[in-house]
Enquirer: 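Following this message is one structure expressed as structure tokens.
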Amino acid sequence: MNATASRVLVLNSGSSSVKYQLLDMADRSRLAVGLVERIGEETSRLVHGSPAGGGKREQLGPIADHAEALKAVAAELAADGLGLDSPELAAVGHRVVHGGTRFTEPTLVDDEVLAEIGKLVPLAPLHNPANITGIRVALSLRPDIPQVAVFDTAFHATIPDHAARYAIDAETAAKYSVRRYGFHGTSHAYVSRAAAALLGKAPQEVNVIVLHLGNGASASAVRGGVCVDTSMGLTPLEGLVMGTRSGDLDPAVIFHLARVGGLSVDEIDSLLNKRSGLLGMCGDNDMREVLRRAGEGDEAARTAFATYTYRLRKYIGAYTAALGRVDAVVFTAGVGENSAEVREAAVDGLDALGLVLDPEANSVRSPEPRIVSADRARVAVAVIPTDEELEIAEQSYALVTR
Ligand code: ADP
């Protein structure tokens with residue numbers, strides 16, 4: 001690697017999209033940010049922005065596959081003088097959703113690692129194949145540059161067995177790799193560290209509950225910088241109520257729907273992942289719309305909001321028990337960062353656990369990390385914008401420069 005190379009390209013390859021950011025780790029600045037969506041359709045769209053280069057550009061028209069998408073991204077970067085052939089590029093960091101029990105650290109990709117990520121496809125059938133494609137295409141463009149895989153599951157690898165195991169037949173669990181893996185790990189890692197910084201302490205000194213509330217949502221309990229529990233499980237379906245996912249339910253709901261409702265496994269899978277949560281309960285998955293309707297007295301929206309926030313209170317209680325002592329409850333991602341209503345309802349009535357909001361501080365909108373609890377509260381409530389791309393870039397850069 002070029003000794004002065006300090007740029008990292010972060011790629012988040014989904015089944016029909018690629019999100020990317022080019023960062024300069026010398027000052028953690030963003031050189032370019034963009035997105036290709038609807039890959040494989042006639043209506044593909046590339047949006048590219050570069051504060052350093054030519055501003056924002058949009059490209060419409062069919063992009064057949066991920067290879068074409070990444071080539072188009074490379075061309076946009078080159079047009080801004082940020083081409084992937086630059087000697088300043090130190091690494092490409094890839095978000096990989098499932099690392100199983102094998103990958104617990106950022107990992108330099110080689111053929112063996114790619115094959116192992118491939119073996120985990122049954123655990124993340126929608127995500128890992130797209131992640132692998134992204135890595136292969138990036139490798140074909142710059143075979144000489146280190147490709148680093150950063151796993152969504154990795155931060156949760158420290159969860160002890162008693163929290164990671166499901167109480168099912170041990171042989172069956174082992175045979176089919178059934179256990180809690182957890183997701184959104186880069187966000188939970190970034191936000192729990194930032195929470196310690198906000199409290200003016202080292203990560204080792206604080207216990208934090210992180211509530212990552214985006215379209216997908218998950219909670220984690222982090223003791224002294226080490227994750228000890230998280231709400232997502234074998235897949236991202238378990239736990240909190242989400243935009244379109246149910247979160248926790250009695251597993252027998254599935255048998256009931258199959259036996260009595262005559263639904264197939266695939267139909268139930270789709271119901272629970274794509275047509276449940278806020279969307280299933282009230283017809284809207286965007287929290288802004290749910291709040292607007294609830295404010296107008298819409299019963300279904302009110303019930304969806306109440307179910308969503310009650311589940312949050314239950315997890316705060318559970319993770320307070322898991323941690324023993326809690327220093328901060330932190331809200332992050334689209335809903336957590338922006339919705340004062342959700343934060344208020346999520347800690348409502350939890351004074352006995354030391355959680356008391358400052359209504360004024362909670363109502364302020366800001367992109368900065370901030371504390372929104374009352375001075376007298378024993379537990380800080382904080383809002384910390386997540387930055388998964390920066391975390392992936394940091395981890396990738398640390399690996400290639402150590
Ligand atoms: P993703 O999981 O796709 O990364 P985000 O973290 O961007 O999602 O969160 C997206 C969600 O954030 C949207 O579904 C929307 O409901 C919610 N959101 C964004 N702004 C607000 C707001 N002002 N109030 C409530 N919810 C919001």
Enquirer: For atom OH of Tyr166, decide whether the heavy atoms of other residues, nucleotides or ligands shown that lie under 6.0 angstrom number more than 12.
Expert: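 Correct, the count exceeds 12.
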Enquirer: Tyr308 ring centre to Arg311 NZ or CZ under 6.0 Å, with the angle to the axis within 45°?
Expert: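 The answer is no; the distance or angle limit is not met.
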Enquirer: Could I get the full list of ring pair (Phe, Tyr, Trp, His ring centres under 6.0 Å) partners for Phe305, not counting sequence neighbours?
Expert: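 Phe305 satisfies ring pair (Phe, Tyr, Trp, His ring centres under 6.0 Å) with no other residue.
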Enquirer: For the residue pair Phe183 and His98, is the inter-centroid distance of their aromatic rings smaller than 6.0 Å?
Expert: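 So the answer is yes for these two rings.
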Enquirer: Less than 4.0 Å between a side-chain N and a carboxylate O, is that true for Arg293 and Asp284?
Expert: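 Salt bridge flag = yes for Arg293 with Asp284.
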Enquirer: Quick one: does Asn131's side chain have a donor or acceptor within less than 3.5 Å of a partner on Val97's backbone?
Expert: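 Confirmed, Asn131 side chain pairs with Val97 backbone.
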Enquirer: Quick one: does Ser276's side chain have a donor or acceptor within less than 3.5 Å of a partner on Leu271's backbone?
Expert: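 A pair under 3.5 Å: yes.
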Enquirer: Glu391 and Arg193: salt bridge (charged side-chain N to carboxylate O under 4.0 Å, His left out), yes or no, with the steps?
Expert: CA-CA 11 Å; Glu391 181 69 20; Arg193 254 198 350 265; 2.9 Å; yes
Enquirer: For residues 322-334, please give each side-chain donor-acceptor pair under 3.5 Å, one per line with the distance, not counting sequence neighbours.
Expert:
unit_1	atom_1	unit_2	atom_2	d
Arg325	NE	Asp327	OD1	3.3
Arg325	NE	Asp327	OD2	3.3
Arg325	NH2	Glu205	O	3.1
Arg325	NH2	Asp327	OD2	2.6
Asp327	OD2	Asn207	N	2.7
Thr332	OG1	Glu337	OE2	3.2
Thr332	OG1	Ile384	O	2.6
Thr332	OG1	Thr386	N	3.0

Enquirer: Would you sort out whether Arg45 and Glu58 count as a salt bridge (charged side-chain N to carboxylate O under 4.0 Å, His left out), showing the intermediate values?
Expert: CA-CA 7 Å; Arg45 185 169 87 116; Glu58 189 179 37; 2.6 Å; yes
Enquirer: Would you call Arg28-Glu394 a salt bridge at under 4.0 Å N-O?
Expert: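 Looking at Arg28 and Glu394, the cut-off is met.
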Enquirer: Which residues pass the side chain to side chain donor-acceptor pair (under 3.5 Å) test with His188, sequence neighbours left out?
Expert: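 With sequence neighbours excluded, His188 shows a side chain to side chain donor-acceptor pair (under 3.5 Å) to Ser218, Ser220, given in chain and number order.
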Enquirer: Would you call Lys175 and Glu171 a salt bridge, taking side-chain N to carboxylate O under 4.0 Å as the test?
Expert: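 A salt bridge is absent here (no side-chain N lies under 4.0 Å from a carboxylate O).
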Enquirer: Relative to the ring of Phe103, is the ring of Phe151 parallel (under 30°), tilted (30 to 60°) or perpendicular (over 60°)?
Expert: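 Phe151 vs Phe103 ring planes: parallel.
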Enquirer: Does Glu116 pair with Lys119 as a salt bridge, N-O distance under 4.0 Å?
Expert: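 A salt bridge is present here (some side-chain N lies under 4.0 Å from a carboxylate O).
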Enquirer: Do Arg180 and Glu238 meet the salt-bridge criterion of a basic N to acidic O distance under 4.0 Å?
Expert: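 A salt bridge is present here (some side-chain N lies under 4.0 Å from a carboxylate O).
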Enquirer: Taking all non-hydrogen atoms of both residues into account, name the closest pair between Arg245 and Pro236 and its distance.
Expert: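 Scanning both residues, the minimum pair turns out to be NH1-O, 3.0 Å.
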Enquirer: Can you give me the closest heavy-atom contact between Val290 and Cys282, atom names plus distance?
Expert: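 Smallest heavy-atom distance, with atoms named: CG2-SG, 3.9 Å.
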Enquirer: Please determine, by modelled atom types, if His48 and Asp80 share a side-chain donor-acceptor pair under 3.5 angstrom.
Expert: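 A donor-acceptor contact under 3.5 Å links the two side chains.
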